[in-house]
Amino acid sequence: MADPVKIRVLIVDDIQETRENIRRMLQFDSSIDIIGEARTGREAIDQSHSLLPDVVIMDINMPDMDGLVATEAIRKRLPYIQIIILSVQYDSSYMRRAMLAGARDFLSKPPMIDELTNAIRQAGKLAIEEKRKAEVNFATLEAASSSVAGQRILGKIIVVYSPKGGTGCTTIATNVALGLQSESTRTALIDASLQFGDVAVFLNEQGRNTILDLTPRADELDPDIIQEVMIKHPATQLDILAAPPRPEFADDVNSDDFSKVVRYLQRLYSFIVIDTSSYLSDVTQVCLDIANVIILVATQDIPSIKSTNLFLGLSDASGINRKRILFVINQFDKRISISAERIGESLKQPVEAIIPFEDRIVTSSINRGTPFITENKMLPISRSIFAVIDKITEKLEEQFQEESAAQVANRY
Ligand SMILES: Nc1ncnc2c1ncn2[C@@H]1O[C@H](COP(=O)(O)OP(=O)(O)OP(=O)(O)O)[C@@H](O)[C@H]1O
Ligand SMILES: [Mg+2]
């Protein structure tokens, strides 16, 4: 029987001799179990997904993909996996890049045997702890990705809305989209705040194509046109559809064309995250109508609670099922006497996630155009975004179960 405390290690290097040397160094260590080898970055990502190692020993220079890019991709999907980079280049800029990619450790090549086993033991301990913490979350994500739409999630629309401006929709939309984006769950972020949309600014990507390059062609879309117009966020591969360049162009986007564009994108992406503005324009209403999940954002103040109450009344009247609503309190400060429970009770809509007030982190991440979730996944505010993502997958799973049950019932 496998020893449950053994550290599961994957070795990644394009040179067979190097892989064998590492294997030899580790073969007599009873706390380490070498579960696989990969020769390319692509293989490293695939094997990490299928073999679920605790620790990956990663080369940097590989023919298909830089080991740092592979590191980032692995950590994005399975953040508990700890990665040790082995490199002949041992300078500070490489180390910095490795740390930014989410690597745990950096050793020069060839490593000393003690150095390598110590690094693996430390990384393994952390991975096993992190895995335990994350187990419930992964179970939810796996369940959602295996059951929603058969093998994989396709075309799920997540709309971020608040009836009061400035509560944090754009902050939440950008960070949630980045948290959802991965190679296996490609994600698009649409800025439907058409007058003063600032999604592109939040991601430091400005001045190129916008939604106005797609809506006039809404009836003749094809994947090439979409790829031409979407702005690819280089660090994460998230695709962004920016708002028009000037507020007076907002009216040029009609809601029918907008809806056609989103419907088309559903075929190409696993998730489509839409940022909206408070004003209930035709486009915003279309977004709310077609959303699988509406992230409804409020803050702990009376104007926000009052507006949320009015919005819920309106959404009830227009037939939006409250189960589709994921009610989030942003800028949460426990020193403010209005608790999340009280807000939930008074609005008859439970608060399902809380995002803390983190003035310095949020403002500086916006000003630098680097969302906090890409900078540091371990910050409490980043963790709160992952908690929102878990709730999204829970809701999608719930909807899938209900739809399946309804289909079965219809058959009889
Ligand atoms: N969790 C948070 N902690 C601290 N400040 C925050 C938080 N979330 C957002 N903010 C701040 O609130 C302001 C508004 O955020 P954001 O632009 O995301 O809101 P919005 O709802 O999209 O606004 P708008 O109505 O203008 O579109 C920003 O200055 C941002 O720094
Ligand atoms: Mg906004």
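Atoms within a ligand are numbered from 1 in the order they appear, just like the ligands themselves. These figures come from a predicted structure and were not determined experimentally.
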K.L.:
If the cut-off is 4.0 Å to any non-hydrogen atom of Pro356, which atoms of ligand 1 fall inside it?
P.N.:
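Answer, ordered by atom number: 1 (N), 2 (C), 3 (N).
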K.L.:
Using a 3.5 Å cut-off on N or O atoms only, is Ser278 in polar contact with ligand 1?
P.N.:
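Such a contact does not occur with ligand 1.
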K.L.:
How about Ser281 and Thr284: does a side-chain donor come under 3.5 Å of a side-chain acceptor?
P.N.:
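The answer is yes; a qualifying pair exists.
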K.L.:
Any nitrogen or oxygen of Gly166 lying under 3.5 Å from a nitrogen or oxygen in ligand 1? Just yes or no.
P.N.:
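For ligand 1, there is an N or O atom that lies under 3.5 Å from one belonging to Gly166.
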K.L.:
One pair to check against side chain to side chain contact (heavy atoms under 4.5 Å, CB included): Ile392 and Val176. What are the steps and the verdict?
P.N.:
CA-CA 10 Å; Ile392 294 172; Val176 163; 3.9 Å; yes
K.L.:
Should Ile172 be listed as contacting ligand 1, given a heavy-atom distance under 4.0 Å as the test?
P.N.:
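Judged by the 4.0 Å heavy-atom criterion, Ile172 does not count as contacting ligand 1.
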K.L.:
Indicate the atoms forming the closest heavy-atom contact of Ala123 with Gln82, along with that distance.
P.N.:
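Residues Ala123 and Gln82, closest heavy atoms: O-CG, 3.3 Å.
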K.L.:
Is the closest N or O pair between Thr171 and ligand 1 shorter than 3.5 Å?
P.N.:
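Yes; the residue has a nitrogen or oxygen that sits under 3.5 Å from a nitrogen or oxygen of the ligand.
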K.L.:
Considering distance alone, does some N or O of Asn330 sit under 3.5 Å from an N or O of ligand 1?
P.N.:
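Yes; the residue has a nitrogen or oxygen that sits under 3.5 Å from a nitrogen or oxygen of the ligand.
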K.L.:
Is it the side chain (CB and beyond), the backbone, both or neither of Phe372 that lies under 4.0 Å from ligand 1, heavy atoms counted?
P.N.:
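None of Phe372 does.
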K.L.:
Do ligand 1 and Phe202 have nitrogen or oxygen atoms that lie under 3.5 Å from each other?
P.N.:
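No; the residue has no nitrogen or oxygen that sits under 3.5 Å from a nitrogen or oxygen of the ligand.
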K.L.:
Using a 4.0 Å heavy-atom cut-off, which part of Ile381 comes near ligand 1: side chain, backbone, both, or neither?
P.N.:
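The side chain, only.
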K.L.:
Any protein heavy atom sitting closer than 4.0 Å to atom 29 (O) of ligand 1?
P.N.:
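Under 4.0 Å from atom 29 (O) of ligand 1, zero protein heavy atoms found.
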K.L.:
For Ile366, counting its heavy atoms only, list the atoms of ligand 1 lying under 4.0 Å from any of them.
P.N.:
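Answer for ligand 1: 30 (C), 31 (O).
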K.L.:
Check whether any N, O or S atom of Thr170, backbone or side chain, sits closer than 2.8 Å to the Mg ion (ligand 2).
P.N.:
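Within the cut-off used here (under 2.8 Å), Thr170 does place an N, O or S atom near the Mg ion (ligand 2).
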K.L.:
Taking atom types as modelled, is there a side-chain donor on Asn330 or Thr167 under 3.5 Å from an acceptor on the other?
P.N.:
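No.
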K.L.:
Any sub-3.5 Å donor-acceptor pair from Thr117's side-chain atoms to Asp114's backbone N or O?
P.N.:
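Checking the backbone N and O of Asp114 against the side chain of Thr117, a donor-acceptor pair under 3.5 Å is found.
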K.L.:
Looking only at distances, please establish whether an N/O atom of ligand 1 is found under 3.5 Å from an N/O atom of Gly168.
P.N.:
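Between Gly168 and ligand 1, an N or O pair is found under 3.5 Å apart.
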K.L.:
Polar-atom distance check: Thr167 versus ligand 1, any N or O pair below 3.5 Å?
P.N.:
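It does: an N or O of Thr167 is found under 3.5 Å from an N or O of ligand 1.
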K.L.:
Does the side chain of Ser364 pick up a donor-acceptor pair with the side chain of Arg368 at under 3.5 Å?
P.N.:
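Present: a donor and an acceptor within the cut-off.
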K.L.:
Yes or no on side-chain hydrogen bond (donor to acceptor under 3.5 Å, both in side chains) for Thr170 and Asp275, after CA distance, side-chain angles and deciding distance?
P.N.:
CA-CA 6 Å; Thr170 308; Asp275 182 27; 2.7 Å; yes
K.L.:
Just checking, is any N or O donor in the side chain of Ser182 or Thr185 under 3.5 Å from an acceptor N or O on the other one?
P.N.:
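Per modelled atom types, Ser182 and Thr185 side chains form a pair under 3.5 Å.
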